[in-house]
Structure formats: C-alpha cells, structure tokens
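Structure first, commentary second.
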Protein chains: 2
Amino acid sequence: MSTVTAMPVGPGGTRYKEVKEAMLAALTAQEWKGGEVIPSEKKLAERFGVSIGTLRKAIDELCAENILIRHQGLGTFVAQHRRDRHFFRFFRVARRDGDQTYPVVTLVNFKRAKCTPAVAARLNIDDGTRLFVFTNALALHEKVVVVDTVMLPETKFPGLTESMLRSRSNTLYNFYQDAFGINVTGTDERLRVAYASELESKLLEVDVGAPVLEVERVAYSLNQKPVEYRLTRINTEHYEYIANTTKASENA
Amino acid sequence: MSTVTAMPVGPGGTRYKEVKEAMLAALTAQEWKGGEVIPSEKKLAERFGVSIGTLRKAIDELCAENILIRHQGLGTFVAQHRRDRHFFRFFRVARRDGDQTYPVVTLVNFKRAKCTPAVAARLNIDDGTRLFVFTNALALHEKVVVVDTVMLPETKFPGLTESMLRSRSNTLYNFYQDAFGINVTGTDERLRVAYASELESKLLEVDVGAPVLEVERVAYSLNQKPVEYRLTRINTEHYEYIANTTKASENA
DNA sequence: AAGTGGTCTAGACCACTAC
DNA sequence: TAGTGGTCTAGACCACTTA
C-alpha cells in the first residue's frame, strides 16, 4: 500500500477523539435520537474523512460508555433507557438474598421550589433557581422500601407536569430522553446513614428518626452537565445497596 | 497486500479473546509479576502467532480492566496495587466536603477461626474452612472512622502472620500481590445500615448499637475467584461512601 | 539513535440480518 | 443477495523514553 500521510491532527488531540467529540455533539444536538439507528460505519467514515478503523475506534469508546449500541447485521443505535435493559445499572437496590426485581413506583407529591445553596452547588446552577421537586415511593415485593426525592431545574425540563410523570410508561430516564432529549449517561452517588423524616417513616413503615440508608445522587447528561439531583432513602432491614468495582463491561 | 487467510479461530471464540485468555493464564501463573514489564507487542504478536493489531486488541481489554498498564516509549507493565495509584478505586470513603485522604491503619487484632456458612457461601469454599481473621482501625484526619474486619482462607495465604501485616509498607492489596501472588482485580459490595458492636463503638467513638454504614465486600482475583471477605463499618457522621456509575475509564 | 507503544490506513474475509 | 458490523492483517508514521 502506498504511504499516505495522515490528515493533520488538530491541536485538541487525536483523530479518533475528534471524531468521538463530533459524534457526541451530533448526539447532543439530537441529530440522532434515542433508539434510532445512526449511519453506517462506511458513511460516517466518509463524513468525517477518516478510515473505517479510526471511525470504529471512536464508536468503540461510545459503546463502552453505553451511549451507542452495535448490532451486527443491523447497524449502530443510540442507546435508549429501557426498563428491560440496563435498568439495574442505575437502580442498585436488591433484597438481601440477592433477588432483584423492578420497583413499583407511586408518585407521592409534586411541587415547585427554589433551589437551596447545597443543591445549587451540586447541580452547578444559581442559588434560588426554580426547580421541579417530586417524591416517589418505590415498592419491592409489595412493600415500600425506597423513597426518592427528585429535583430538576425547570429550564432543562420545560413544560414538565405532574400528569406527565404519572402517565409515563417506562423508566424516568427513558422519559427524560424521549420527552426532553436529555440522555443520562452517568451518576455520582454518596452514601451515608440518615434518619427517617415523618413522610419517609410513614411510607417505609419505620419509626420517625429510624436510621435509613441515604443516597445522594447527581445524574449527568451526554455533555457531562448535571441534570438531576436526587435524594434516596432506603430501609435496609431486608434490602441493600449493591456496588461493585469489577468493570464488568464486556463479558461475552 | 495479498489475501492471507487468517489462522483458524478456535471453538472458544475469536483470536484476540484467545490471546487475552492466554495472557491472563500467564499472569495467573506469575510468568510476569506485579510491576514488571511484559514483552514488547512485537514479540508477543510473534509468540501468539497474530498480527500486532490483534495482539493490541487483547492488551486493550486488559488495560481497560486495570490489569496491565501501558507506557508509551517504555513498555507494558503488570499493574501493581500502590498507595499512590488507584488506591481510591477500592477505598471509597471521603469526608462530606469531598476531601479524600489516605487512612492511617492500625491492626487491632489477628486470629484464626473457622468459616461460618454465610462467609463460606461468599468465598465459595467449604463451611468450616480455616480462616485468618483480623481487624483494622482506619483513621482519617486523625480520627478512626472506619473499622475493617478481613477474612482470608488460610490455603490461599500460606504462612501469613500478624507481624507480616504489621510490617507491610504499602496497601493490603499490594501485600497480597507481592507476598502471595494474588492480584485483586475487582470487588462486589453490598451496603446497609448496621449497629455498632462493643469493639466498634470504642474504636469509632460512638454508642454501642449506634447506626453505622456496613459494607460487605468480596474481592476477586485475576481468575475471578473470590479471595477475600471483608466487613467494613463506617461512622458516616462526617464521612460518606462514594459510588458512581460513570465509567470514567479512559479519560485522557 | 534505537526501541517502545500510539495512531491511522486500506483492505480482506466472516457472521449476522433483512428482504 | 445486499448491507451491516466484527475480526484480522501488514504496514507506515508519530510520540515518547532511555541511553
């Protein structure tokens, strides 16, 4: 093969990283939406002016981050949050005997409020910014064991209403993706012991002030911007939170 | 270039997976030890009878799993557990303000015991198997906030003594690696609220029965076999456990 | 200067899916 | 059969490290 000098690489880094960033930009701009197929590798290679191998390396990384999904013979798709796939990547509560089931979610309340300084810092927005705030009770094996309080900046979820939340047919993150084009790709969580509030004690059927496991979550979207703040409280009498550092990414 | 029919691929799967398994076997057999450099890509490609590209794909995955580390211009090395690198991958406690520091470890006691059924199930060994059991108090910012109780099967750690644990100069997992050739590559953890025992209450300076965060960990070695059982109890008054699902694997 | 890994290419062939 | 992604190859050139 002849010696072809590669196209010059921009100052940012390497060709495939540039391609990856360009694809992330296209995804953020909703050029391709959740569940849709993206153009073939051949076409994308032409579009970005790189060889198939380089294009594939960019897609490799996006797949490793669960942003794209490849299907041999079918094409490459924008990953979609679904109840039946990757749900337990974000819902990490299981019964102590290991049994994992889908929670039955009940919306307990829905209101608007202004952002407190602590939450503002986590969401990287101004103190006092208007938020949607709602609480879900999650039942496992017919009993409520998790209470979620979710806070969303109004500007990122324009037009969100209580009835939209009640009538959604899939997961919350699927709803964010379909209705607002917000693709949650990762979360940071901090866990600690906390004490049940009056509302929580009723829902969880524990005494007021009983110790519960608190999970403070910030969810990030495609462009690494925080989009959701969530405070989860779990009755760990019969259930527990599962974490791992196993990098169980690509196991055939 | 001429059309070269690739070597037949074994029934197990693909060429690069075969190469990866062969390298894992070599690592498990301690052909290359922690911190050592492995042969160059060119030599390994010759040894396994594949092209550089295929060999690289195998190494790519081993690097993604933190088993190998590449250094451009230097070579590829067997990842070594070190206090100054990847330490916080396994030590996930930080102060509530986010400050992460290295714990000061004190060995509180060391004994031998027989395995209980619950631990036997986690470690996938027989009930009653002999174990080393020891407890560490971990201080952060000059105060004990974490108490670890570690259980190791005697057969996997032959000759382990209390003084070896006291005189180790690096992390526990570094010690496993150097002294016993056991390379911890991942952990499964389950978190729940528990209540301080007498010993824990003294060390953590809380009341007996005070709620603490319990982390039950099983650590796995290169060949995915469980090698360590650990019960961690944390006083989360000023500290917390950090988890994330961000897949922050390869960020330049 | 020599050796290492890092990137990129151009193309072949295979496996899977849909029509 | 056509089109997709999956694997593999053989090699060029670049960037980094050590001496």
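Please read all numbers here as calculations on a predicted model, not as lab measurements. Every chain is numbered from 1 and lettered A, B, ... according to where its sequence line falls, protein lines coming before strand lines.
Rounding to whole angstrom units, CZ of residue B/Phe77 and P of D/dT17 are separated by 11 Å. Atoms CD1 (A/Ile59) and P (D/dT4) sit 12 Å apart, rounded to a whole Å. For the pair A/Arg15 CZ and C/dT7 C1', the computed distance is 11 Å after rounding to whole Å. Distance A/Glu46 CD to C/dA10 C1': 14 Å, rounded to the nearest Å. Following rounding to the nearest Å, B/Gln72 (CD) and D/dC13 (P) show an atom-to-atom distance of 17 Å. Separating the CD1 atom of B/Ile52 from the P atom of C/dG5 is a distance of 8 Å, rounded to the nearest angstrom. A straight line from CD of B/Glu61 to P of D/dG6 spans 13 Å, rounded to a whole angstrom. Going from atom NZ of A/Lys20 over to atom P of C/dC8 covers 13 Å, rounded to whole Å.
Side-chain N/O atoms of B/Arg56 include none lying less than 4.0 angstrom from OP1 or OP2 on C/dG5. For A/Tyr16, a side-chain nitrogen or oxygen approaches OP1 or OP2 of C/dT7 to under 4.0 Å. The side chain of A/Thr76 contributes an N or O atom lying less than 4.0 Å from OP1 or OP2 of D/dG5. Contact between the side-chain N/O atoms of B/Ser51 and the OP1/OP2 oxygens of D/dA10 is not found at any separation under 4.0 Å. Contact check, A/Lys57 against C/dC8: no side-chain N or O comes under 4.0 Å of OP1 or OP2.
Contacts between residues 34-43 of chain A and DNA chain C, defined by a heavy-atom separation below 4.0 Å, involve no residue at all.
Judged by distance alone, with hydrogens and angles left aside, the side-chain atoms of B/Glu36 form a donor-acceptor pair with the main-chain N or O of B/Lys33 at under 3.5 Å. A donor-acceptor pair under 3.5 Å is formed between the side chain of B/Asn170 and the backbone N or O of B/Arg83.
With rounding to the nearest 0.5 Å, the separation of CG in A/Leu27 from NZ in A/Lys20 is 11.5 Å.
The closest side-chain heavy-atom distance from A/Leu160 to A/Leu152 is below 4.5 Å. Side-chain contact between B/Leu68 and B/Ile59 is present, with heavy atoms from C-beta onward closer than 4.5 Å.
Taking the ring centroids of B/Phe91 and B/Tyr102, they lie at or beyond the 6.0 Å cut-off.
Ring geometry, B/Tyr176 versus B/Phe157: the interplanar angle exceeds 60°, so the pair is classed perpendicular (tilted spans 30 to 60°).
Ion pairing between B/Arg15 and B/Glu18 holds under the 4.0 Å rule for side-chain N and carboxylate O.
Defined by atom type and a distance below 3.5 Å, a donor-acceptor pair is missing between the side-chain atoms of A/His81 and A/Asp178.
Listed nucleotides: C/dG5, C/dA18, D/dC8. Nearest to the side chain of A/Leu74: C/dA18. The listed nucleotides are D/dC16, D/dT9, D/dC8; the one nearest the side chain of B/Val50 is D/dT9.
Both A/Gly73 and A/Leu55 lie close to DNA chain C; mapped to their nearest nucleotides by heavy-atom distance, the more 5′-ward contact belongs to A/Leu55.
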Which donor-acceptor pairs under 3.5 Å do side chains of residues 216-223 of chain A form with protein atoms, sequence neighbours excluded?
unit_1   : atom_1 : unit_2   : atom_2 : d
A/Glu216 : OE1    : A/Arg122 : NH2    : 3.0
A/Glu216 : OE1    : A/Arg192 : NH2    : 3.0
A/Glu216 : OE2    : A/Arg122 : NE     : 3.3
A/Glu216 : OE2    : A/Tyr229 : OH     : 2.7
A/Arg217 : NE     : A/Glu189 : OE2    : 2.6
A/Arg217 : NH1    : A/Tyr173 : OH     : 2.9
A/Arg217 : NH2    : A/Phe90  : O      : 2.4
A/Arg217 : NH2    : A/Glu189 : OE2    : 2.9
A/Ser221 : OG     : A/Asn223 : OD1    : 2.7
A/Asn223 : OD1    : A/Lys225 : N      : 3.3

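The bend of the helix from C/dA1-D/dT18 to C/dA18-D/dT1, defined by the angle between the axes of its first five and last five pairs, stands at 10° to the nearest 10°.
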